Amino acid sequence: MKINTDGVLLGALASLPEASRILDIGTGTGVIALMLAQRYPQAHVDAIDIDGGAAAAARANFASSPYADRIVSHGSALERYDARQPYDLILSNPPYFLDSLKSRDARMQVARHTDRLFFVHLLDRAQRWLAPQGSLQLILPVALADEVAGQAEAGYGLVLQATIDVRSFPGQSPIRRMLALGKAPVDSLWPEGELVIYESRGVYTLAYRSLLTDFFLAF
């Protein structure tokens, strides 16, 4: 999968003060994990992906980065991964084409399609692996974000710590919602509550450019 807006937004917005252990679930080629390693210079980052080719590409990218000594790629499905210590911050830009037409490309299907069982595994592992003040942070379509937040509270005892709505243009309905879920409330994760990408067609907002200026040479 190519670098996409959802991924870079999660990598730039995911936040937890003084996070020292971070897990990126479904890392692909490792973009989100690299962004978090850049933003948290003392943190150890684990990155997992079920696709062996993606995990190998992430491993090569990590080895070529300044963070090679504290970022590790694991080729593993979520349900088979063994977390030996709690994580402060768990991230995922998950597949979310629920109940939709399946791709003919098997690897693309794994990357882009899932079913509700994935979120069962994800919330179960978050409940087990998060540190007491830790946070699971996701970016999802709005309806699915609300469904996952309800499931997290009702089935796993996780609380909604914060949300941020992402809009393409001012005044439009949000196209994505970022969620922060955890065992306990966390103050001031995303005080703004929303992000608008474009001020007009082809013109990025100052907020979007400021958010990504440390990662995109164009900004």
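What you are looking at is a predicted structure, and each value in this text was computed from that prediction instead of being measured. Numbers here simply count residues along the sequence, with the first being 1.
A ring pair (Phe, Tyr, Trp, His ring centres under 6.0 Å) check over residues 158-188, counting only residues at least two apart or in different chains, returns the pairs Phe169-Tyr198. The ring pair (Phe, Tyr, Trp, His ring centres under 6.0 Å) pairs that include a residue from residues 120-145 are Tyr81-Trp129, where partners are two or more places apart or lie in different chains. Among residues at least two apart or in separate chains, salt bridge (charged side-chain N to carboxylate O under 4.0 Å, His left out) pairs with a member in residues 189-205 are Arg167-Glu194.
We find that Arg39 and Asp214 are not joined by a salt bridge, their nearest charged nitrogen and carboxylate oxygen being 4.0 Å or further apart.
Val196 and Leu211 fall into different hydrophobic clusters, where Ile, Leu, Val, Met, Phe, Trp and Tyr residues are linked whenever their side-chain heavy atoms come under 4.5 Å apart, directly or through other members. In the hydrophobic clustering of this structure, Val203 does not group with Leu195; members are Ile, Leu, Val, Met, Phe, Trp, Tyr whose side-chain heavy atoms approach within less than 4.5 Å, directly or through other members.
A 6.0 Å sphere centred on CD of Glu79 holds more than 12 heavy atoms belonging to other residues, nucleotides or ligands. Atom CG of Asp69 has more than 12 neighbouring heavy atoms from other residues, nucleotides or ligands inside a 6.0 Å radius.
For the side chain to side chain contact (heavy atoms under 4.5 Å, CB included) test with Arg176, the passing option among Leu10, Ile139, Ile164 is Ile139; the others fail.
Closest heavy-atom contact between Gly75 and Ala55: CA-CB, 3.7 Å. Residues Leu189 and Ala180 share a closest heavy-atom pair of CD1-CB, 3.6 Å.
When only modelled atom types and interatomic distance are considered, Asp88 and Ser20 share a side-chain donor-acceptor pair under 3.5 Å.
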